[in-house]
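Accompanying notes for the structure given below.
All residue numbers refer to positions in the sequence shown, counting from 1.
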Amino acid sequence: MTITTDNTTASQSNPPPTTSPKKDSAATAASDFKSFLKLLTAQLRNQDPLSPLDSTQFVEQLASFSSVEQQIETNTLLKELTASIGQSGLENATQWIGKEVETPVSSVHYAGEPLSFSLPSGASGEVVIRNSSNDVIFRQEIEAGQTSFEWNGQKTDGTTAPIADYKIQVEKKSDTGKTETMPVSTVAKVVEARLVEGSVYLILESGVLVDPSWVTAVRTPSAEEAGS
């Protein structure tokens, strides 16, 4: 079963600024390099002209210093990457993995299996399903106190809907004749937390990405569900 949402924006507060060791490490490396050049120059000036030092030694020393300098830069980048991941909230988001979350949806992908939804509290009116052309293919009256809804793919005319994406929502006519709409919700397990363009998203077992702020309920799957 694949569930999709049409939410297109994700909110995330800017992470607090932190100090970076990059400048200090770079300054230290630059200072050490200057000191190394001074020592190398002094060594060249004061060498015995009758027994000069082997030039390969200088090359080896330069290569060794360059290697150390690159290692300092690599360590700096790793520290910054770790800090960035922590600031993004990705580490905290991993706590959602394995949990079942309820999120609002306005479109679904019917793949031949029944789809289950939760209805808004106190919802009234009808559950309406439309195809990609926005034609109504199914509608069902919501009974008093009804909190959930399952669609097995059957259309109002009794035929089975083809495998495709469909729009779903609760619709109700107001006293003025205007149609009021509300989204339904679905429950799915979180299988991954991912950083997308600087924002943290949860990936559901259906493959859908959702912003954690869209989640309206969280629960731990039963032992039977967790083992399946």
Any side-chain heavy-atom pair of [X] and [Y] under 4.5 Å:
| X | Y | value |
| --- | --- | --- |
| Thr186 | Leu204 | no |
| Tyr166 | Trp151 | yes |
| Ser106 | Gln169 | no |
| Val200 | Arg194 | no |
| Phe149 | Val184 | no |
| Leu209 | Ile203 | yes |
| Glu126 | Ile142 | no |
| Val187 | Val101 | no |

Exercise for the section: For side chain to side chain contact (heavy atoms under 4.5 Å, CB included), just list the numbers for Tyr110 and Ile129, CA-CA rounded to whole Å, side-chain angles, deciding distance to a tenth of an Å, and then say yes or no. Expected result: CA-CA 11 Å; Tyr110 175 67; Ile129 298 177; over 6 Å; no
> Rounded to the nearest 0.5 Å, what separation is found between the CD atom of Gln140 and the OG1 atom of Thr156?
Replying inline: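 Reported value, rounded in 0.5 Å steps: 9.5 Å.
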- Interatomic distance, Asn131 atom CG to Lys155 atom NZ [nearest 0.5 angstrom]: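 Going from the CG atom of Asn131 to the NZ atom of Lys155 covers 8.0 Å.
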Taking all heavy atoms of [X] and all of [Y], pick out the closest pair and write down the distance.
| X | Y | result |
| --- | --- | --- |
| Val170 | Pro120 | CG2-CD, 4.1 Å |
| Leu115 | His109 | CD1-O, 4.1 Å |
| Ser185 | Pro104 | OG-CA, 3.8 Å |
| Gly112 | Ile163 | N-CG1, 4.3 Å |
| Asn92 | Trp96 | O-CD1, 4.1 Å |

Taking Val218 as the starting point, is it possible to reach Val210 by hopping between hydrophobic residues whose side chains are less than 4.5 Å apart?
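Result: yes, single cluster for both.
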Keeping the roles fixed (side chain from [X], backbone from [Y]), state whether a donor-acceptor pair exists under 3.5 Å.
| X | Y | value |
| --- | --- | --- |
| Thr160 | Gln154 | no |
| Gln146 | Ser148 | yes |
| Tyr201 | Glu192 | no |

| Is Lys172 salt-bridged to Glu180, cutoff N-O under 4.0 Å? |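 Salt bridge: no.
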* Can we say Glu205 and Lys189 salt-bridge, meaning some charged N sits less than 4.0 Å from an Asp/Glu carboxylate O? ->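 So Glu205 does not pair with Lys189 through a salt bridge.
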Check: Will you find, in the side chains of Glu171 and Thr181, an N or O donor that is under 3.5 Å from an N or O acceptor?
Finding: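 Checked: Glu171/Thr181 side chains show no N/O donor-acceptor pair below 3.5 Å.
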Q. Run the side chain to side chain contact (heavy atoms under 4.5 Å, CB included) check on Val128 and Lys167 step by step: do they pass?
A. CA-CA 8 Å; Val128 179; Lys167 302 175 184 177; over 6 Å; no
Assess whether atom CD of Glu150 is packed by more than 12 heavy atoms of other residues, nucleotides or ligands within 6.0 Å.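 Count over threshold, so yes.
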Let's go through Thr220 and Lys99 carefully: what are the C-alpha distance in whole Å and the side-chain angles of both, what is the deciding distance for side chain to side chain contact (heavy atoms under 4.5 Å, CB included) to 0.1 Å, and is it a yes or a no? CA-CA 5 Å; Thr220 301; Lys99 300 292 181 63; 3.7 Å; yes
Checking side chain to side chain contact (heavy atoms under 4.5 Å, CB included) between Thr103 and each of Thr216, Val215, Leu202, which is the one that passes?
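When side chain to side chain contact (heavy atoms under 4.5 Å, CB included) is applied between Thr103 and each of Thr216, Val215, Leu202, only Val215 qualifies.
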